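Everything below concerns the one structure shown next.
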Amino acid sequence: MTRRWSGDWARPLPAEPPAPAVDVLVPTSGRASVLAVTLAGLAAQDGPDFRVVVSDQSPGEPGTDDPAVQAMVRVLRAQGRPVEVLRHLPRRGLAEHRQFLLDQARADAVLFLDDDVWLEPGMLARLHDALTTLGCGFVGAAVQGLSYLDDDRPHERSPFEPWRDGVRPERVRRGEPGFDRWTLHNAANLVHLAAEVGVPEGGWLPYKVAWVGACVLYRRTALLDVGGFGFWDRLPADHAGEDVAVQWRVMERFGGAGLLPSGAVHLEAPTTVEQRDVDAFDVVLDADAPNDRARADR
C-alpha cells in the first residue's frame, strides 16, 4: 500500500499488512536533529512498501527519545509504515553496527540510509525501480551538499560514464581504473551533471561508480552472499570505509551503479566519526587477495 493520508490516520491498520519490499536501515548516534529530518524525508515517500529500522548508539540519553524524532516515528506509523527503534550498545565500530542492522532485515531489498540524509519524494521508488530493472547488486543515490550549488567543478565530473547496456560486474581498487570516479560525488557535482544530461522527470540513469556513500539500496541476497559486514571483528572500533569494502565485493560479483539524478541531500552536519586512520577496505580486501589469486590460478 502507499502511505496513508492524514484522513486515515485514526483508522485501524490492516490486520495483515503487506510484507515490505524494502527494509530501510538507519544507524544513528548523537544526532537527533538530523535524524528527525531523515525520518521526515522517509515520511514523504510513497511506494514501494517499506519498513524502517533505526538503531541508536547515542552516548547518554537515546537520541531517538528526542521529541522531533518521536513525532516523525509516529507519523510513519500512522502512514502504515512499520518502524522499529532499537538501542545497540556498546559501540564496536561502523561495520559492526551495520551488520547488526542487516541481521534485522527481512525484505528482499535493504536501504542503508545514514542518519543525515534527506530524500526527495519519489527517490525510494526510483531506487527500487532501478534495482529491479537492472538486476545488479546495488544502486545508490550519492548524497549532495547543496551549500555547494554555486560551486561548479567540471574537471571533477570528467570520469562520468553511464551504464548503457546493463550493469556488469567490475573490479575497483585504490589506484586502479575506476577509483578516480570518486570525484563525481564531491560537493554538488551530481546536481550539475543532472542539469547537463537532462534525465526526464521521474526517470533515472545508471552510471559507473567508485562507490556510493550514505544511501545505497542492495539486493539482500547479494549482500549476504559476500558476507555482509561480517568482517567487523577484524577491524579496530575506529575505522571508516566499511561500506566501500562491501560495495567492492558486491560489484565484483553482481555489479553496482549510481543513479542520476540523485535526490539524496546531505544535511552537512558534523561527522561523529572523527578517527579515520583505518580504511576498512584496505584491511578487508588485502585479506581477500590470497583467495583472489588462488581462484585465478585454478
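None of these values were measured; they are calculated from a predicted model.
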Please check: side-chain N/O of [X] versus main-chain N/O of [Y], any donor-acceptor pairing under 3.5 Å?
{"X": "Q45", "Y": "M123", "result": "yes"}
{"X": "E242", "Y": "W232", "result": "no"}
{"X": "R87", "Y": "S58", "result": "yes"}
{"X": "H185", "Y": "W211", "result": "yes"}
{"X": "R219", "Y": "C136", "result": "yes"}
{"X": "H97", "Y": "Q57", "result": "no"}
{"X": "D56", "Y": "T64", "result": "yes"}
{"X": "D66", "Y": "A68", "result": "yes"}
{"X": "R220", "Y": "R106", "result": "yes"}
{"X": "S158", "Y": "H155", "result": "yes"}

Nearest 0.5 angstrom please: [X] [atom1] to [Y] [atom2], how far?
{"X": "R91", "Y": "L94", "atom1": "CZ", "atom2": "CG", "result": "7.5 Å"}
{"X": "M72", "Y": "L35", "atom1": "CE", "atom2": "CG", "result": "11.0 Å"}
{"X": "H128", "Y": "T133", "atom1": "NE2", "atom2": "OG1", "result": "9.5 Å"}
{"X": "R4", "Y": "L13", "atom1": "CZ", "atom2": "CG", "result": "4.5 Å"}
{"X": "R126", "Y": "L260", "atom1": "CZ", "atom2": "CG", "result": "10.0 Å"}
{"X": "E84", "Y": "Q104", "atom1": "CD", "atom2": "CD", "result": "7.0 Å"}

Review point. Which ILVMFWY residues can you reach from V37 by hopping between side chains whose heavy atoms are under 4.5 Å apart?
Key: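 V37 shares its hydrophobic cluster with V34, W118, L146, L149, V191, V265, L267.
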
State, with a plain yes or no, whether a side-chain heavy atom of [X] is found less than 4.5 Å away from one of [Y].
{"X": "L193", "Y": "Y207", "value": "no"}
{"X": "L111", "Y": "C215", "value": "yes"}
{"X": "R31", "Y": "D116", "value": "yes"}
{"X": "T38", "Y": "T28", "value": "no"}
{"X": "P206", "Y": "V139", "value": "no"}

Check your understanding: Should V250 and L217 be counted in the same cluster of Ile, Leu, Val, Met, Phe, Trp and Tyr side chains packed under 4.5 Å apart?
Key ->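 In one cluster: no.
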
Review point. Are V244 and L113 co-members of a hydrophobic cluster defined by side-chain heavy atoms under 4.5 Å apart?
Key: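 No, it is not one cluster - the side chains of L113 and V244 are not joined through contacts under 4.5 Å.
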
Exercise for review: Locate the shortest heavy-atom distance separating D115 from P27; write the atom from each residue and the value.
Suggested key: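 For D115 versus P27, the nearest heavy atoms are CB-O, 3.5 Å.
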
Review point. How far apart are the closest heavy atoms of A32 and G63, and which atoms are they?
Key: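 Closest heavy-atom pair between A32 and G63: CB-O, 3.6 Å.
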
Exercise for review: Take the angle between the ring planes of F179 and W248 and call it parallel below 30°, perpendicular above 60°, tilted in between.
Suggested key: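 The arrangement is perpendicular - the two ring planes meet at more than 60°.
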
Counting only heavy atoms not in [X], do more than 12 sit closer than 6.0 Å to its [atom1] atom?
{"X": "E268", "atom1": "CD", "answer": "yes"}
{"X": "D108", "atom1": "CG", "answer": "no"}
{"X": "W163", "atom1": "CH2", "answer": "yes"}
{"X": "F160", "atom1": "CZ", "answer": "yes"}

Check your understanding: Would R157 and E196 count as a salt bridge (Lys or Arg N to Asp or Glu O under 4.0 Å) if you check the C-alpha gap in whole Å, the side-chain angles of each, and the deciding distance to 0.1 Å?
Key -> CA-CA 11 Å; R157 302 197 298 275; E196 293 170 357; 2.5 Å; yes

Review point. Can the ring centroids of F229 and F112 be said to lie less than 6.0 angstrom from one another?
Key: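 Yes, close enough.
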
Practice item. Evaluate salt bridge (Lys or Arg N to Asp or Glu O under 4.0 Å) for D8 paired with R3, printing each intermediate quantity in order. Key: CA-CA 10 Å; D8 288 335; R3 59 190 164 115; over 6 Å; no

Exercise for review: Give me the one residue out of E156, R153, Q144 that meets side chain to side chain donor-acceptor pair (under 3.5 Å) with N189.
Suggested key: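 Of the listed options, the one satisfying the test is E156.
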
